[in-house]
Every structure is written in C-alpha cells, then in structure tokens.
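Remember, it's a predicted structure, so these values are computed and weren't measured experimentally.
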Amino acid sequence: MKLKVLTPIFAESASKLVNVASKYESTILIKKDHWVVDAKSLLGLLALALQPGQIVELSMEDEEELVTVLTDLKLFEKVE
C-alpha cells in the first residue's frame, strides 16, 4: 500500500513508528525508491530520511489496521 509522508520521520516520529510496528508479529517493510527497510528498525527508518511529500510503499500481511494507526498519528496519509 502506498503512503504519503506528512511529517519528517526523524528521532521522535521514527521512534513512534517503530513502537507501533513492534506490536505486530508479522514482518513490516517500508520501501522508498530502491531502499527497503524493516519498520521495526529505528536505524533503518532514520537511514531513509523520509520527508513530507515523499511516497513510500508499506507491505505486511494485514496492512489496513497498521495504516489506520499511522494515519491517526498523522505520520502518513493513504495514497490511492
């Protein structure tokens, strides 16, 4: 599922994202261009240096619940 970044994903917001992702047992991957990182990895997320307006692809088994949480945190918005 494609998501648009709403806020820079740095220290605090990256930590929130890792904490949310860590609650799920399944593997959660975030893809930006040719980079693919585990959403449970703080260093991986920081390496992506996500900025507002960028589009990333999120993949996991049951995406809808996680996407709802991430949009509620105002980190991302769903792209159709």
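Under the 4.5 Å side-chain criterion, counting only non-hydrogen atoms from C-beta, Glu65 is in contact with Tyr24. You'll find the side chain of Asn19 stays beyond 4.5 Å of the side chain of Lys16, heavy atoms only. By the 4.5 Å heavy-atom criterion applied to side chains, Ser41 and Leu45 are not counted as neighbours. When side chains are defined from C-beta on, Leu58 does not count as touching Leu29, because their heavy atoms never get closer than 4.5 Å. Within the 4.5 Å cutoff, the side chain of Leu3 has no heavy atoms near those of the Ile55 side chain. Using a 4.5 Å heavy-atom cutoff, the side chains of Pro52 and Pro8 are in contact.
Between the CD atom in Glu57 and the CG atom in Asp33 there is a gap of 11.5 Å [rounded to 0.5 Å].
Cluster annotation: Ile30 is connected to Leu42 through the hydrophobic network of ILVMFWY side chains, with a link wherever side-chain heavy atoms come within less than 4.5 Å. Using a 4.5 Å cut-off between side-chain heavy atoms of Ile, Leu, Val, Met, Phe, Trp and Tyr, with links allowed through other members, Val67 and Leu6 fall into different hydrophobic clusters. In this structure, Leu75 is a member of the same hydrophobic cluster as Met1, with clusters built from ILVMFWY side-chain heavy atoms closer than 4.5 Å. Under a hydrophobic-cluster definition in which Ile, Leu, Val, Met, Phe, Trp and Tyr are linked whenever side-chain heavy atoms come within less than 4.5 Å, directly or via other members, Phe10 and Val20 are assigned to different clusters.
Taking both residues in full, the closest heavy atoms of Leu46 and Ala14 are given as CD2-CB, 4.0 Å, listed atom of the first, atom of the second, then distance. For the residue pair Lys32 and Ala49, the shortest heavy atom distance occurs at NZ-O, 4.0 Å.
Side-chain atoms of Lys31 never come within 3.5 Å of backbone atoms of Val36 as a donor-acceptor pair (strictly under, hydrogens ignored). In this structure a side-chain-to-backbone donor-acceptor pair under 3.5 Å is present from Asp38 to Lys40. Between the side chain of Ser15 and the backbone N or O of Ala11, no donor-acceptor pair lies under 3.5 Å.
Under the 4.0 Å criterion applied to side-chain N and carboxylate O atoms, Glu64 and Lys78 are assigned as salt-bridge partners.
Val5 pairs by the side-chain contact (heavy atoms from CB on, under 4.5 Å) definition with Ile9, Leu50, Gln54, Val56, Phe76, not counting sequence neighbours.
When each of Thr71, Leu17, Ile28 is checked for a side chain to side chain contact (heavy atoms under 4.5 Å, CB included) with Leu66, only Ile28 meets the rule.
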